[in-house]
Protein chains: 2
Amino acid sequence: MATIADVAKLTGLSRSTVSRVINHYPHVSEEKIRLVRDAMEQLNYYPNASAQKLRNQKTDTIAVLVPLLTNPFFAYLLEGIDSVATKYNLQLLVCQTKHDREKEWKFLSLLKTKQVDGVILTAIENEWDKLTEFIEDGPIVLCNEYEKNAHVPTVGLDQVYGGYIGTKHLIEKGHQHIAHCRGRMISELSSDREAGFRKALNEHGLAVRKEWMFGDVSDIEGGKRAVREILAMKERPTAVFTGSDQAAAGMISEAKRHGLRIPEDLAVLGFDDQQIATITDPPLTTIKQPIEEIGQKAMELMIDIIIYKKDVKAPKIRLPFKLIERGST
Amino acid sequence: MATIADVAKLTGLSRSTVSRVINHYPHVSEEKIRLVRDAMEQLNYYPNASAQKLRNQKTDTIAVLVPLLTNPFFAYLLEGIDSVATKYNLQLLVCQTKHDREKEWKFLSLLKTKQVDGVILTAIENEWDKLTEFIEDGPIVLCNEYEKNAHVPTVGLDQVYGGYIGTKHLIEKGHQHIAHCRGRMISELSSDREAGFRKALNEHGLAVRKEWMFGDVSDIEGGKRAVREILAMKERPTAVFTGSDQAAAGMISEAKRHGLRIPEDLAVLGFDDQQIATITDPPLTTIKQPIEEIGQKAMELMIDIIIYKKDVKAPKIRLPFKLIERGST
DNA sequence: ACTGAAATTGAAATCGATTTCAAATTCTCA
DNA sequence: TGAGAATTTGAAATCGATTTCAATTTCAGT
């Protein structure tokens with residue numbers, strides 16, 4: 001492998017001058033520039049990235065922690081993050097936590113070893129108090145999932161309100177018996193959404209039935225499982241408000257398989273408005289989250305911090321969302 | 001930031017000894033080990049990754065090039081790759097090409113700058129001849145997509161045979177008018193599958209109708225589009241063999257929306273056996289690819305090369321697959 | 001107590017770039 | 001023409017680790 005010293009030797013110049021050419025510094029004569037360029041070509045020289053990172057004290061790499069690569073929600077979030085990263089020539093180190101606290105911890109340690117310039121979290125596995133120590137090691141941006149007392153930039157939605165309008169929609173459709181499938185129990189996002197759900201029921205004098213509250217439902221299989229539980233009940237809900245289109249699609253499929261009609265026997269409301277929402281039968285009524293925008297915004301904040309060195313403080317950015325009515329409710 | 005020199009100074013030892021402790025070398029006295037450990041803790045010291053990479057001449061990072069993060073097929077491929085990478089403590093630099101030749105080129109150049117120890121390709125955008133120059137810069141492993149005369153380790157399926165048995169299944173179901181939706185035109189994988197399709201038709205004396213051959217169909221939207229084209233035809237196929245479950249799901253949804261019955265009016269055969277295949281109505285008959293295994297195998301080959309320094313040559317590994325009959329055919 | 005082997009430790013070189021500082025050269029304009 | 005400024009270039013320090021080589025100390029077994 002050719003190094004900068006080889007180029008210097010071949011041209012008869014110093015490493016400094018070669019470096020100046022590589023980095024387009026002014027005050028290098030045209031003649032030497034050409035000389036160096038030719039030598040680099042001839043030697044098939046490429047600067048060693050590790051050496052540059054060491055010297056420049058930055059890596060131009062951002063770690064993105066996602067719980068599950070195969071969950072399309074996070075794929076779209078990544079897509080949003082990637083679209084902005086690409087524009088600024090930043091690399092993405094994709095880290096899958098599989099909801100494992102230790103993995104999350106290990107990945108955050110990339111900040112300590114200066115392997116990345118920043119971390120974007122799309123979920124939170126550990127207690128936030130335990131994660132605060134990493135803040136001094138480099139910028140952390142939170143997106144999608146959030147944490148009320150986290151003093152870091154955050155991008156997300158008003159999930160209480162999301163839960164509220166979704167539930168209200170079902171009530172307005174005439175439902176009195178409404179179930180709720182939430183995501184993980186440790187998720188503040190899910191808890192907020194549930195709070196919105198409860199608020200809507202309360203306002204309309206409807207009771208919250210705890211046997212109709214399902215936890216940890218976040219994919220197709222989870223949706224199917226919930227339906228099976230519902231089918232085993234004497235008293236069944238007539239509508240379900242679900243935390244993701246994946247889960248909702250699983251519910252519709254399983255419910256139909258057991259002879260229920262959607263929405264007559266069971267109305268299903270999704271969340272996200274993913275592609276899958278258009279191919280269920282009937283198509284899903286859902287609350288559209290601007291997933292890619294959430295990712296973009298998060299990466300833009302990161303860029304403000306690490307590239308433009310702005311002091312962004314810890315803004316809590318809330319993006320808008322809306323209900324999209326299709327056939328499932 | 002504390003460096004190894006700070007630890008050395010605090011302990012009164014040399015950097016060498018500290019380094020030995022960090023790397024668990026033998027021949028360091030218990031006493032000094034404790035001393036160094038304490039100092040590291042006290043100074044909150046973490047070794048600088050860039051410095052280590054520079055010195056060790058390896059990055060423990062693999063670049064994975066995928067065309068599209070939001071395509072679930074590649075998400076599962078990534079999942080397979082990641083599962084093995086995690087086991088060996090390798091980082092994944094995820095690079096989305098968006099089917100762009102220049103991006104692919106740029107990402108492959110990570111090998112030249114020694115930013116990654118190897119590259120896994122899951123698709124190919126440039127002419128293979130143009131990519132061969134990168135082989136000398138570091139190991140390249142091909143998975144999913146392949147290239148007949150590429151002298152690099154490759155993991156995939158016998159797609160000709162896949163196309164053949166899929167088509168044969170439709171023929172055995174009594175269909176005489178069969179359409180085919182393939183992926184990108186530059187994909188050898190897609191071409192092989194199409195070859196299998198043609199072979200099956202030929203063997204049964206059925207003609208290939210070029211207006212029933214759809215190119216570039218690779219997601220839900222593509223499937224819907226193809227159905228709209230079919231509906232506009234005077235002579236319609238009675239069955240479609242599609243290159244992905246995504247596309248097949250889109251077709252079923254759109255066909256039903258226009259009043260076609262599945263499979264009576266239009267039989268749809270998918271490919272991959274993704275989660276979505278179980279929630280369409282009727283559920284999808286499909287050819288199951290062991291997607292995650294493909295990814296795992298590819299990463300295992302990479303590990304044989306970069307960790308175990310095996311001379312793996314350029315094996316072409318072909319994994320098995322099978323047809324899963326559900327309701328759509 | 002002595003000898004050869006093993007254990008323990010440190011000084012200095014090295015990985016491959018960038019940047020500072022200063023020296024040498026060229027330019028500008030009174 | 002000469003002084004001061006601007007341009008051009010290189011030597012050496014630096015980023016933060018690892019490793020080689022050699023020196024010293026300790027150990028095992030007579």
Side-chain angles (χ1 to χ4, degrees), chain A residues 1-37 39-40 43-61 109-117 137-138, chain B residues 1-40 43-61 91 109-117 137-138:
Chain A
M1 274 297 95
T3 71
I4 199 171
D6 299 322
V7 179
K9 189 177 298 171
L10 182 62
T11 55
L13 296 166
S14 71
R15 306 198 319 277
S16 329
T17 303
V18 177
S19 174
R20 291 192 184 98
V21 174
I22 295 172
N23 296 289
H24 308 102
Y25 279 23
H27 308 318
V28 184
S29 65
E30 282 300 326
E31 181 204 351
K32 314 280 167 173
I33 291 180
R34 223 181 317 279
L35 211 59
V36 170
R37 290 261 161 77
M40 294 196 332
L43 291 171
N44 196 22
Y45 166 79
Y46 287 81
N48 180 295
S50 298
Q52 289 182 313
K53 288 176 184 183
L54 173 58
R55 177 63 225 219
N56 295 332
Q57 300 283 62
K58 64 186 185 122
T59 62
D60 296 319
T61 306
S109 301
L110 293 170
L111 283 174
K112 292 198 182 294
T113 59
K114 299 289 163 214
Q115 222 160 145
V116 298
D117 294 340
D137 299 313
Chain B
M1 276 298 94
T3 73
I4 199 171
D6 298 324
V7 179
K9 190 176 300 173
L10 182 61
T11 55
L13 296 166
S14 70
R15 308 202 312 281
S16 330
T17 303
V18 177
S19 174
R20 290 193 185 98
V21 174
I22 295 171
N23 296 289
H24 307 103
Y25 278 22
H27 308 318
V28 183
S29 65
E30 282 300 327
E31 181 205 350
K32 315 280 165 168
I33 291 179
R34 223 181 318 278
L35 212 57
V36 170
R37 290 261 161 77
D38 289 350
M40 294 198 328
L43 292 170
N44 197 21
Y45 166 78
Y46 288 81
N48 180 296
S50 298
Q52 289 182 314
K53 289 177 184 183
L54 172 59
R55 176 63 224 221
N56 295 334
Q57 300 284 62
K58 66 186 185 122
T59 62
D60 297 319
T61 306
Q91 313 283 357
S109 300
L110 293 169
L111 283 174
K112 292 197 182 294
T113 59
K114 299 291 165 213
Q115 221 159 146
V116 298
D117 294 341
D137 298 313

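Every value quoted in this text rests on a predicted model; they were computed, and no experiment measured them. Residue numbers begin at 1 in each chain, while the letters A, B, ... track the order of the sequences.
A salt bridge (Lys or Arg N to Asp or Glu O under 4.0 Å) check over residues 11-31 of chain A, counting only residues at least two apart or in different chains, returns nothing.
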Which atom pairs link the protein and nucleotides 22-29 of chain C when you take only N or O atoms and keep those under 3.5 Å?
none

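Between atom NZ of residue A/K9 and atom CD1 of residue A/I4 there is a gap of 13.5 Å, rounded to the nearest 0.5 Å. One distance of note links OH of A/Y45 with CE of A/M1; it measures 11.5 Å at 0.5 Å rounding.
Under the rule for a side chain to side chain contact (heavy atoms under 4.5 Å, CB included), the partners of A/K58 that lie at least two apart in sequence or sit in another chain are A/N56, A/D60, A/D117. In this structure B/K112 satisfies the salt bridge (charged side-chain N to carboxylate O under 4.0 Å, His left out) test together with B/E133, B/D137, sequence neighbours excluded. Scored by the side chain to side chain contact (heavy atoms under 4.5 Å, CB included) test, B/L13 finds B/T11, B/T17, B/K32, B/L35, B/V36 as partners (sequence neighbours excluded). Take B/Q115 and apply the side chain to side chain donor-acceptor pair (under 3.5 Å) test, not counting sequence neighbours, and it matches B/T113.
Across the interface with DNA chain C, nearest-nucleotide mapping of B/T17 and B/L54 shows B/T17 to be the residue nearer the 5′ end. Nearest-nucleotide mapping onto DNA chain C: of A/S16 and B/S16, the residue sitting toward the 5' end is B/S16.
Listed here is the closest heavy atom pair of B/A8 and B/S14: CB-C, 3.8 Å. Considering all non-hydrogen atoms of both residues, A/A39 and A/V7 come closest at CB-CG1, 4.0 Å. Smallest separation of non-hydrogen atoms from A/V28 and A/Y25: CG2-O, 3.9 Å. In terms of heavy atoms, A/V21 sits closest to A/I33 at CG2-CA, 4.2 Å.
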Subject >> Derivation of the side-chain contact (heavy atoms from CB on, under 4.5 Å) call for B/Q91 and B/V116 >> reply: CA-CA 9 Å; B/Q91 313 283 357; B/V116 298; over 6 Å; no

**OP:** Before giving the answer on side-chain contact (heavy atoms from CB on, under 4.5 Å), spell out for A/L10 and A/D6 the whole-Å C-alpha distance, their side-chain angles and the decisive distance to 0.1 Å.
**Re:** CA-CA 6 Å; A/L10 182 62; A/D6 299 322; over 6 Å; no

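Of the residues in residues 45-53 of chain A, none has a non-hydrogen atom less than 4.0 angstrom from any atom of DNA chain D. For DNA chain D, the neighbouring residues in residues 22-37 of chain B, judged by any heavy atom under 4.0 Å, are B/N23, B/Y25. Of the residues in residues 3-15 of chain A, those with a non-hydrogen atom less than 4.0 angstrom from any atom of DNA chain C are A/T3, A/I4, A/R15.
Under the 3.5 Å distance criterion, the side-chain polar atoms of B/T61 are matched with a main-chain donor or acceptor of B/T59.
The span of DNA chain D lying next to chain A, judged by atoms under 4.0 Å from heavy atoms, is bounded 5' to 3' by D/dT7 to D/dG16.
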Side chains of residues 47-54 of chain A: which donor-acceptor pairs under 3.5 Å do they make with residues two or more places apart or in other chains?
residue, atom, partner, partner atom, Å
A/N48, OD1, A/S50, N, 2.8
A/N48, OD1, A/A51, N, 2.9

